[in-house]
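Note: hydrogens, waters and symmetry copies are ignored here, and every other heavy atom, side chains too, is used.
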Amino acid sequence: MIQVTDPCTCSFCLVVEVVEAKDGTIAVATAFSGHQDVVQDRDHKFLTRAVEEAYKGVDNGDGGPFGAVIVRNDEVVVSCHNMVLNHTDPTAHAEVTAIREACKKLNQIELSDCEIYASCEPCPMCFGAIHLSRIKRLVYGAKAEAAIAIGFDDFIADALRGTGFYQKASMEIKKADGNGAMIAEQVFEKTKAKFSMY
């Protein structure tokens, strides 16, 4: 193995490792020395803020123990917690609340230059909101099982994990047919000239 290291000793300098296998093949791996530590420290800082929000929400009686922070260019855009009880709104989860507040604050409906830090693995609704807002990066702390263990819905991890293992819907779900389906589908055709995607 040959290791070539940039002579600079700062934490951002490029480290190149060239590895030659017995069969003569060569692999090259590069990394910025210390980059992972910087990212990990940064993630820890913002995730800690999300966890503080989770505590704050419970202490205030606003909702469950969930917090979320949206960050852009290493600056906190918003820091929110679950507001389900405060707003009497089952959709006011920490991540959804944070997305709503960030969009208002930035006056835009997509957050592609933002990251979100969530104290817990997002439920399918929150993951859907994160996806639809075009957030570029999600970092979460606790696994869904921690929330499930204290009584939260056990489908919480389905979206992130791509599995229906925890899901048990308690409602009837039916796709309309006939005229109902036709008039609902026509909405898209009839409005496409008036509405353009962002």
Give, for atom [atom1] of [X] and atom [atom2] of [Y], the distance between the pair rounded to the nearest 0.5 Å.
X: E101; Y: C80; atom1: CD; atom2: SG; result: 5.5 Å
X: E52; Y: L47; atom1: CD; atom2: CG; result: 10.0 Å
X: N60; Y: N82; atom1: CG; atom2: CG; result: 12.0 Å
X: I130; Y: I135; atom1: CD1; atom2: CD1; result: 6.0 Å

Run the side chain to side chain contact (heavy atoms under 4.5 Å, CB included) test on D89 and V84 for me, step by step, so that the C-alpha distance in whole Å, both residues' side-chain angles and the decisive distance to 0.1 Å come before the verdict.
CA-CA 5 Å; D89 177 0; V84 167; over 6 Å; no
Ion pair check, [X] and [Y], cut-off under 4.0 Å:
X: K45; Y: D74; answer: no
X: R72; Y: E75; answer: no
X: R134; Y: E110; answer: no

Would you check if [X] and [Y] make a side-chain contact, meaning some heavy-atom pair closer than 4.5 Å?
X: E115; Y: I70; result: no
X: V76; Y: R49; result: yes
X: E53; Y: S119; result: no
X: C114; Y: L106; result: yes
X: R137; Y: I116; result: no

Derivation and outcome, side chain to side chain contact (heavy atoms under 4.5 Å, CB included), residues H93 and C123
CA-CA 9 Å; H93 289 195; C123 74; 3.5 Å; yes
Taking all non-hydrogen atoms of both residues into account, name the closest pair between [X] and [Y] and its distance.
X: V58; Y: G64; answer: CG2-C, 3.8 Å
X: G67; Y: A54; answer: N-CB, 3.7 Å
X: A50; Y: V69; answer: N-CG2, 3.6 Å
X: C126; Y: E95; answer: SG-OE1, 3.2 Å
X: V78; Y: A98; answer: CG2-O, 3.4 Å

Please confirm whether Y55 and F66 have ring centers closer than 6.0 angstrom.
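No, the ring of Y55 stays outside the 6.0 Å limit from the ring of F66, centre to centre.
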Report the C-alpha separation of Y117 and V71 in whole Å, then their side-chain angles, then the decisive distance to 0.1 Å, and conclude whether the side chain to side chain contact (heavy atoms under 4.5 Å, CB included) test is met.
CA-CA 8 Å; Y117 291 82; V71 175; 3.9 Å; yes
Quick one: does any side-chain atom of E121 pair with a main-chain N or O of K143 as donor and acceptor, under 3.5 Å?
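Not confirmed, E121 side chain does not pair with K143 backbone.
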State which residue, out of D59, D62, T97, fulfils the side chain to side chain donor-acceptor pair (under 3.5 Å) condition with H81.
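The residue from D59, D62, T97 that satisfies side chain to side chain donor-acceptor pair (under 3.5 Å) with H81 turns out to be D62.
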L85: partners by side chain to side chain contact (heavy atoms under 4.5 Å, CB included), with sequence neighbours left out
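Testing L85 for side chain to side chain contact (heavy atoms under 4.5 Å, CB included), a comparison that skips the adjacent residues, returns none.
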Could you tell me if S133 and R100 have a donor-acceptor pair between their side chains, going purely by distance under 3.5 Å?
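No - no donor-acceptor pair under 3.5 Å links their side chains.
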One pair to check against side chain to side chain contact (heavy atoms under 4.5 Å, CB included): I99 and L111. What are the steps and the verdict?
CA-CA 8 Å; I99 289 167; L111 303 170; 4.2 Å; yes
Tell me if the CD atom of E189 is crowded by more than 12 foreign heavy atoms within 6.0 Å.
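Check fails, neighbour count at 12 or below.
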